[in-house]
Visitor: 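Let me begin by handing over the structure; questions about it come next.
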Amino acid sequence: MTADKVLPPEIEKVLLDEKTIEGRVTELAAQIDEDYAGLGSLVLVGVLKGAFVFLADLARRLRVPHQIDFIALSSYNRGSISSGEVRLIMDTRVNLTGRHVLVVEDIVDTGHTLDYLLRSFGARLPASVRSCVLLSKPDLREVDVAIDYVGFEIPDVWVVGYGLDYAERFRTLPYVAALKRDALEDGQRSEPDACA
Ligand code: PRP
């Protein structure tokens with residue numbers, strides 16, 4: 001992979017290259033196509049911002065009819081540590097009642113965000129609610145949350161690229177990479193947006 005030759009200096013190493021991600025996303029889409037065949041009413045809800053790349057690639061591989069929507073949340077972090085508090089910043093535009101809802105997330109760390117979403121969407125009387133997550137860090141889990149479709153389980157290292165950021169950088173790298181430890185500075189993980 002040529003990207004290895006031009007890694008940004010803050011990047012330790014590539015964990016998942018483009019081909020590996022593409023292959024897994026294709027598998028996930030095929031599984032979702034199979035599971036939702038004939039059901040109709042599928043809504044993919046991407047969790048901003050990190051899920052925008054994964055959602056775009058996943059949705060374009062799906063054959064089952066689907067709509068796209070987004071939700072934005074603010075999680076309160078202390079440095080690089082999640083406090084577990086989640087606040088709604090922007091809700092979905094689609095009415096989820098009676099729909100099959102698939103939450104699309106880039107990563108699950110503690111599980112608080114996905115747990116909040118599944119509870120919130122479950123209360124809107126959908127036909128079903130499931131989750132599709134590209135990356136899962138089981139070592140960080142604080143909430144036993146259900147992930148129906150998972151791309152990769154990864155160790156507890158700070159990852160960027162393919163939608164994931166560090167202080168709003170690196171989201172558009174085409175691969176998932178580990179950040180160097182010395183590039184991590186306290187208090188910079190994801191500051192609440194100005195409107196939060
Ligand atoms: C990340 C990620 C998930 C959440 C997972 O979002 O996209 O939404 O953290 O963490 P948890 O399992 O510990 O709750 P982040 O707050 O970094 O915002 P972003 O997607 O806008 O980068």
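Remember, it's 1-based here, ligands and their atoms both numbered in the order they're listed. Treat the numbers as computed from the prediction; the structure is a model and nothing was measured.
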Visitor: At their closest point, which heavy atom of Val133 faces which heavy atom of Phe54, and how far apart are they?
Guide: C-CE2, 4.0 Å
Visitor: Looking at Arg141 and Lys137, would you say the former's side chain and the latter's main chain have a donor-acceptor pair under 3.5 Å?
Guide: yes
Visitor: Hey, is ligand 1 close enough to Leu114 that some N/O pair sits below 3.5 Å?
Guide: no
Visitor: Just heavy atoms, cut-off under 4.0 Å: does Arg171 contact ligand 1 by side chain, backbone, both, or neither?
Guide: side chain
Visitor: Please list, in number order, the atoms of ligand 1 under 4.0 Å from a heavy atom of Thr110.
Guide: 11 (P), 12 (O), 13 (O), 14 (O)
Visitor: Take the angle between the ring planes of Tyr149 and Tyr36 and call it parallel below 30°, perpendicular above 60°, tilted in between.
Guide: tilted
Visitor: Would one find an N or O of Gly111, backbone or side chain, under 3.5 Å from an N or O of ligand 1?
Guide: yes
Visitor: What part of Asp106, side chain, backbone, both or neither, has a heavy atom within less than 4.0 angstrom of ligand 1?
Guide: side chain
Visitor: For the side chain of Thr92 and the backbone of Ile71, is there at least one donor-acceptor N/O pair under 3.5 Å apart?
Guide: no
Visitor: Closer than 4.0 angstrom: is that true for some heavy atom of Glu142 and an atom of ligand 1?
Guide: no
Visitor: Do any N or O atoms from the side chain of Ser131 and from the backbone of Asp148 form a donor-acceptor pair under 3.5 angstrom?
Guide: yes
Visitor: State the atoms of ligand 1, each with its element, that fall below the 4.0 Å cut-off from a heavy-atom position in Ile107.
Guide: 2 (C), 3 (C), 5 (C)
Visitor: Using a 4.0 Å heavy-atom threshold (strictly under), name the region of Asp165 that reaches ligand 1: side chain, backbone, both or neither.
Guide: side chain
Visitor: Could you verify whether a donor N or O on one side chain and an acceptor N or O on the other, from His100 and Ser128, lie under 3.5 Å apart?
Guide: yes
Visitor: Looking at non-hydrogen atoms alone, which of Ile89, Thr113, Leu135 comes nearest to atom 4 (C) of ligand 1?
Guide: Thr113
Visitor: Can you check which of Lys49, Glu85, Glu105 brings a heavy atom nearest to atom 21 (O) of ligand 1?
Guide: Lys49
Visitor: Without hydrogens or angle criteria, can the side chains of Arg24 and Thr20 be said to hold a donor-acceptor pair below 3.5 Å?
Guide: no
